[in-house]
Amino acid sequence: DMAELLAGQGVHQLDGVLLDLGVSSPQIDNPQRGFSFRFDGPLDMRMDTTRGESAATFLARADEREIAEVIRDYGEERFAGQIA
């Protein structure tokens, strides 16, 4: 929990937080990473391609309910069921 970690460091109030989420344009624009809408490439979408399953593998094994859950929870999409 961020509040507990900061309190442990003597920080009890913040005016804002700046986060580096590690996403960069070259990662998104590279068709081999599987994020690009402009170029054909594998449907991967992992930030670390050595860990976890690709988006293609997930879609091949998941049922409609699980796909909708991911779209809703991570994409904050209210029409997740229809999209899935």
Side-chain angles (χ1 to χ4, degrees):
D1 179 57
M2 185 181 283
E4 290 177 17
L5 292 171
L6 291 170
Q9 297 295 315
V11 177
H12 301 286
Q13 182 177 346
L14 297 174
D15 292 325
V17 176
L18 177 64
L19 302 172
D20 178 355
L21 301 177
V23 178
S24 66
S25 182
Q27 288 173 311
I28 293 173
D29 290 341
N30 180 345
Q32 295 306 312
R33 297 301 305 270
F35 291 102
S36 179
F37 288 102
R38 296 186 303 165
F39 306 108
D40 287 335
L43 184 58
D44 194 326
M45 301 184 79
R46 295 175 292 170
M47 295 309 293
D48 180 351
T49 58
T50 66
R51 298 180 57 201
E53 65 184 349
S54 70
T57 302
F58 169 75
L59 291 171
R61 74 153 179 81
D63 62 18
E64 184 178 330
R65 179 202 53 78
E66 189 174 5
I67 294 169
E69 184 178 296
V70 167
I71 294 170
R72 182 185 61 250
D73 294 351
Y74 294 103
E76 300 178 5
E77 174 58 59
R78 67 181 180 151
F79 297 109
Q82 292 91 324
I83 293 168

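As the structure is a computational prediction, the values presented were derived from the model and not from experiment.
Shown here are the side-chain hydrogen bond (donor to acceptor under 3.5 Å, both in side chains) partners of T57, two or more places apart in sequence or in another chain: S54. Qualifying side-chain hydrogen bond (donor to acceptor under 3.5 Å, both in side chains) partners for R72, counting only residues two or more places apart in sequence or in other chains: none. Considering only residues two or more places apart in sequence or on other chains, D48 meets the side-chain hydrogen bond (donor to acceptor under 3.5 Å, both in side chains) condition with T50. The side-chain contact (heavy atoms from CB on, under 4.5 Å) check on L43 picks up M45, A55, A56, L59, with sequence neighbours excluded. A search for salt bridge (charged side-chain N to carboxylate O under 4.0 Å, His left out) contacts involving R51 returns nothing, not counting sequence neighbours. Considering only residues two or more places apart in sequence or on other chains, E53 meets the side-chain hydrogen bond (donor to acceptor under 3.5 Å, both in side chains) condition with R61. Residues passing the side-chain contact (heavy atoms from CB on, under 4.5 Å) test with D20: none are found, sequence neighbours excluded. In this view, F39 and P31, S36 satisfy the side-chain contact (heavy atoms from CB on, under 4.5 Å) rule, not counting sequence neighbours. By the salt bridge (charged side-chain N to carboxylate O under 4.0 Å, His left out) test, R78 pairs with no residue at all, sequence neighbours left out.
Counted within 6.0 Å of CD on Q82, heavy atoms from surrounding residues, nucleotides or ligands total more than 12; the atom is thus considered enclosed.
For residues 31-43, the set of pairs meeting the salt bridge (Lys or Arg N to Asp or Glu O under 4.0 Å) definition, not counting sequence neighbours, comprises D29-R38.
The CE atom of M47 lies 5.0 Å from the CZ atom of F35; values are rounded to the nearest 0.5 Å. Separation of atoms CD (E69) and CD (E64) is listed at 13.0 Å; rounding is to 0.5 Å.
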Checking I71 against F79 for the side chain to side chain contact (heavy atoms under 4.5 Å, CB included) test, could you report, in this order, the C-alpha distance in whole Å, the side-chain angles of both residues, the deciding distance, and whether it holds? CA-CA 9 Å; I71 294 170; F79 297 109; over 6 Å; no

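Closest heavy-atom contact between A80 and A68: CB-O, 3.3 Å.
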Counting only pairs under 3.5 Å, give me each side-chain donor-acceptor contact of residues 4-16, with atom names and distances, residues two or more places apart or in other chains.
none

